There are 2 protein chains.
Amino acid sequence: MPISTVHTAPARRTIFHPKEWSEFVPVICSGWAVSSIALPDGRRQILAFLLPGDAVSTGFLFGPLSGRHVEAVTEVTYRRFKRNDLRALLFENSDLFDRISKTWTDERVQADQLALDLGRRTASERIARQILNLAERLAKRDMMSGQTMEFPLRQRHIADATGLTPVHVSKVLGEFQRAHLIEISGRSLTILNEAELRMAADWP
Amino acid sequence: MPISTVHTAPARRTIFHPKEWSEFVPVICSGWAVSSIALPDGRRQILAFLLPGDAVSTGFLFGPLSGRHVEAVTEVTYRRFKRNDLRALLFENSDLFDRISKTWTDERVQADQLALDLGRRTASERIARQILNLAERLAKRDMMSGQTMEFPLRQRHIADATGLTPVHVSKVLGEFQRAHLIEISGRSLTILNEAELRMAADWP
DNA sequence: CGGCCCTTTGACGGACGTCAAATAGCGTGG
DNA sequence: CCACGCTATTTGACGTCCGTCAAAGGGCCG
């Protein structure tokens, strides 16, 4: 049964259009993508960075979740699962149902934390948290070499994820580097002083 | 089968503790409540105002969603449904399942909008949107008399919902009133100029 | 009546945004 | 391989939105 097809998108290509009514739910296989929502005047909020293995949102299982934009950051390969196929699987297989509902509550917790970050945290905290968050997620996927990660994000991405401007992101990242918390060179980022970075992030 | 019990909480009382691991999911019957998440240092973000008929979150169906605080604004009556009873109902009744999954995607859209508001909108936009949003939800419940609604929220609530300070909320509400967009008196709020208020809110 | 919380107001400060210019990367094509 | 042009990053000066602090009412309940 062909329940999925594989696609490739180059960097910066749109994978899923905000107005698209699709019966497919996309899942990232390789590369980095970004899920966002935008206003007519151009203001944009990134809701999540998508890494290999991530689905856009479990919400996609039940409806098209219009308004969301999904875009490749690096070259990306992804699969498109038919919504109805997945729903059928869900009802046949109660183990799978449990895994999905777990993902669902995790996603809700993430959304709550995002609101808390955007509403109540300072610029430095938000940026430091994004870095630590990505490091943690990459580590789970065996995509960290020591404290170093591939870091394909433009500062514009970080700005849109944290509700800041690219200029201010540049200033904060500059401070972090001058304080030897992190080092960014080329397209990779190294955490030099994890303890201090966690302090800056007000991390648990 | 006793699947729910009714409780009453006076204003300001906690209905659901952030550390509580509960097998119950609360649903508001009357009054206003607030669902929030907080940092150790006291910063707080309100995630939703709960009106009669609202459950705290569909996420509660599948796990305890730790970290959330639910608190009465006015005197509140609510029911506590057993999680397992609800889950059982869900599997027996596929119509109910569809309704719940609809609620889930709605909730996801709300969460996305909250992030967009907090990350990318100005103070005035955020406050105007909260007012319009509440008016719309109250209208669906037949709880508006014309353009006037009961408005039990303290400015502290609005501040925590919009990521602002109570002082700044007071200033913006003052401007709105001097511009005759709204009028607040006692515990009720009237929308005087809906068109202008929608403009201020950058509303669709 | 008295205390407590809420709201309002004003002066001031700071975090972050805007604007602009200089520099550095990076992909493309000659 | 170099030249070119675009986009990203950095930096500084300056502006503004919103926060902080403080004081003065106002409303509500014991």
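For clarity, every value in this text was computed on a predicted model and none was experimentally measured. Letters go in sequence order (proteins before strands), and every chain restarts at 1.
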Looking at [X], I'd like to know whether one of its side-chain N or O atoms comes within less than 4.0 Å of OP1 or OP2 on [N].
{"X": "Arg12(B)", "N": "dC6(C)", "result": "yes"}
{"X": "Ser170(B)", "N": "dT8(C)", "result": "yes"}
{"X": "Thr165(A)", "N": "dC16(C)", "result": "no"}
{"X": "Gln155(A)", "N": "dT10(D)", "result": "yes"}

(message) Is any side-chain heavy atom of Ile182(A) closer than 4.5 Å to one of Leu173(A)?
(response) yes

(message) Tell me whether Asp98(B) is salt-bridged to Lys102(B), with the criterion being a basic N under 4.0 Å from an acidic carboxylate O.
(response) no

(request) Could you tell me whether Arg120(B) and Asp202(B) make a salt bridge, using a distance below 4.0 angstrom between a side-chain N and a carboxylate O? (result) no

Rounded interatomic separation in angstrom, taking [atom1] from [X] and [atom2] from [N]:
{"X": "Leu118(A)", "N": "dC18(D)", "atom1": "CG", "atom2": "P", "result": "15 Å"}
{"X": "Arg43(B)", "N": "dT20(D)", "atom1": "CZ", "atom2": "P", "result": "10 Å"}
{"X": "Glu175(A)", "N": "dG12(D)", "atom1": "CD", "atom2": "P", "result": "12 Å"}
{"X": "Arg154(B)", "N": "dC4(C)", "atom1": "CZ", "atom2": "C1'", "result": "12 Å"}
{"X": "His157(B)", "N": "dC6(C)", "atom1": "NE2", "atom2": "P", "result": "8 Å"}
{"X": "Lys171(B)", "N": "dC21(D)", "atom1": "NZ", "atom2": "P", "result": "13 Å"}
{"X": "Ile184(B)", "N": "dT8(C)", "atom1": "CD1", "atom2": "P", "result": "7 Å"}
{"X": "Arg187(B)", "N": "dG26(D)", "atom1": "CZ", "atom2": "P", "result": "16 Å"}

(message) Taking the nucleotide of DNA chain C with the nearest heavy atom to each, does Val167(A) or Gly186(A) sit closer to the 5' end?
(response) Val167(A)

(request) Hey, could you give me each pair passing ring pair (Phe, Tyr, Trp, His ring centres under 6.0 Å) that has a residue in residues 99-141 of chain A? Not counting sequence neighbours. (result) Phe62(A)-Trp104(A), Trp104(A)-Phe62(B), Trp104(A)-Trp104(B)

Using a heavy-atom cut-off of 4.0 Å across all strands, would you classify [X] as base, sugar-phosphate, or nothing?
{"X": "Leu164(A)", "answer": "sugar-phosphate"}
{"X": "Arg126(B)", "answer": "nothing"}
{"X": "Arg178(B)", "answer": "sugar-phosphate"}

(message) Would the distance check show the side chain of Glu71(B) and the main-chain N or O of Ile15(B) forming a donor-acceptor pair, the cut-off being under 3.5 Å?
(response) no

(request) Just compare dC18(D), dT18(C), dA11(C) and give me whichever is closest to any side-chain atom of His168(B). (result) dC18(D)

